[in-house]
Amino acid sequence: MERRSALAGLLCAGFAGCAGSAGLAGFVPASAAAAAGRTAAAAGPRPPASLMGDEIRRLPTDRKVVALTFNAAWDVDGIDTVLAELRRRKLPATFFPTGRFAESRPAAVRAIAEAGHGLGNHSYSHPSFADLGSAERADEVRGADAAIRAASGAEPLPFFRFPYSETSPESVADVNDLGYAAIEFSADTNGYLGPQGGMTVEKAVKRAVDAFAPGAIIQMHVGSNGAGVVLDAEALPLIVDAALADGYEVVDLRRFLEAAAGGR
């Protein structure tokens, strides 16, 4: 009841403002780039055993923490607003761009890295992984890794998020074999659907708040399906306010990594 009351107050206060694409032809990863991505991923921090073996929809903790995550696959209309809000609040987030997004919007991916946020992997071309074999899945993961490195000048995190959140034991095992944890989400705000998809800022915030629990992972998007209206960028301050009012800390997913043996 207290959470709902706090949420109602926040929504009544309201928040206005959302600042201000991509697609390349077919992808055949270069073997050298794929090998480089695989070697570099193995050299950096690695997921602990608690994040391997299954899709992760809640972080393994009993502390009141939530993680903010953003997918990036279509457009950049919400990037400036999201980064500005995170900077104002001094809060971390993890962004999951596709490889095609990184290639077509390198400045946006570099801005995320330069702001100090983590970059995960959302596949190269956002396909249905159910339609791919193990080798094709590996190409998607490694191709995205190489593209994100090139765009950001930073080392991507060993976190993978499946397109469409479409997972299976076999595909999770394939991703784990490449050194990545399968980081999904406790709730998607569905803000990416936009007003034309029946969504509002209020609905997006409610979906996030209803999922608050120790270790919750909230999924948002930096773009939307039309009209330059990025509901998740507008909802972000209200989601953060609700989390803090309910005693939650916004946590960096990198806290749940461990250094590789003999690593930096």
Tell me every residue that passes side-chain contact (heavy atoms from CB on, under 4.5 Å) with [X], counting only those two or more places apart in sequence or in another chain.
| X | result |
| --- | --- |
| M52 | P47, N176, A181 |
| A111 | L83 |
| D174 | S134, R137 |
| A150 | none |

Set of side-chain hydrogen bond (donor to acceptor under 3.5 Å, both in side chains) partners for [X], sequence neighbours left out:
| X | result |
| --- | --- |
| S152 | none |
| R87 | none |
| N121 | none |
| E55 | R57, T167 |

Looking at residues at least two apart in the chain, or sitting in another chain, which of them share a salt bridge (charged side-chain N to carboxylate O under 4.0 Å, His left out) with D252?
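By the salt bridge (charged side-chain N to carboxylate O under 4.0 Å, His left out) rule, D252 matches R254.
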With E249, which residues qualify under salt bridge (charged side-chain N to carboxylate O under 4.0 Å, His left out), at least two apart?
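Residues passing salt bridge (charged side-chain N to carboxylate O under 4.0 Å, His left out) with E249: R63, R255.
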From F101 atom CZ to I148 atom CD1, the distance as rounded to the nearest 0.5 Å
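Taking CZ in F101 and CD1 in I148, the distance rounds to 10.0 Å.
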Which of these passes side chain to side chain contact (heavy atoms under 4.5 Å, CB included) with I239: L244, D232, V205, V250?
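Answer to the side chain to side chain contact (heavy atoms under 4.5 Å, CB included) test with I239 among L244, D232, V205, V250: V205.
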Report yes if the distance between the aromatic ring centroids of F162 and F160 is under 6.0 Å, otherwise no.
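Ring centres of F160 and F162 closer than 6.0 Å.
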Ring pair (Phe, Tyr, Trp, His ring centres under 6.0 Å) involving F159 - partner list, sequence neighbours excluded:
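With neighbours one apart ignored, the set is empty.
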Among all residues two or more places apart in sequence or in another chain, which pass the ring pair (Phe, Tyr, Trp, His ring centres under 6.0 Å) test with F96?
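Applying ring pair (Phe, Tyr, Trp, His ring centres under 6.0 Å) to F96 gives none.
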Ring-plane angle category for F95 and H117, please: parallel below 30°, perpendicular beyond 60°, tilted otherwise.
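Rings of F95 and H117: tilted, 30 to 60°.
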Treating S123 as the side-chain partner and T98 as the backbone partner, does any N or O pair qualify as donor plus acceptor under 3.5 Å?
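It does not hold such a pair.
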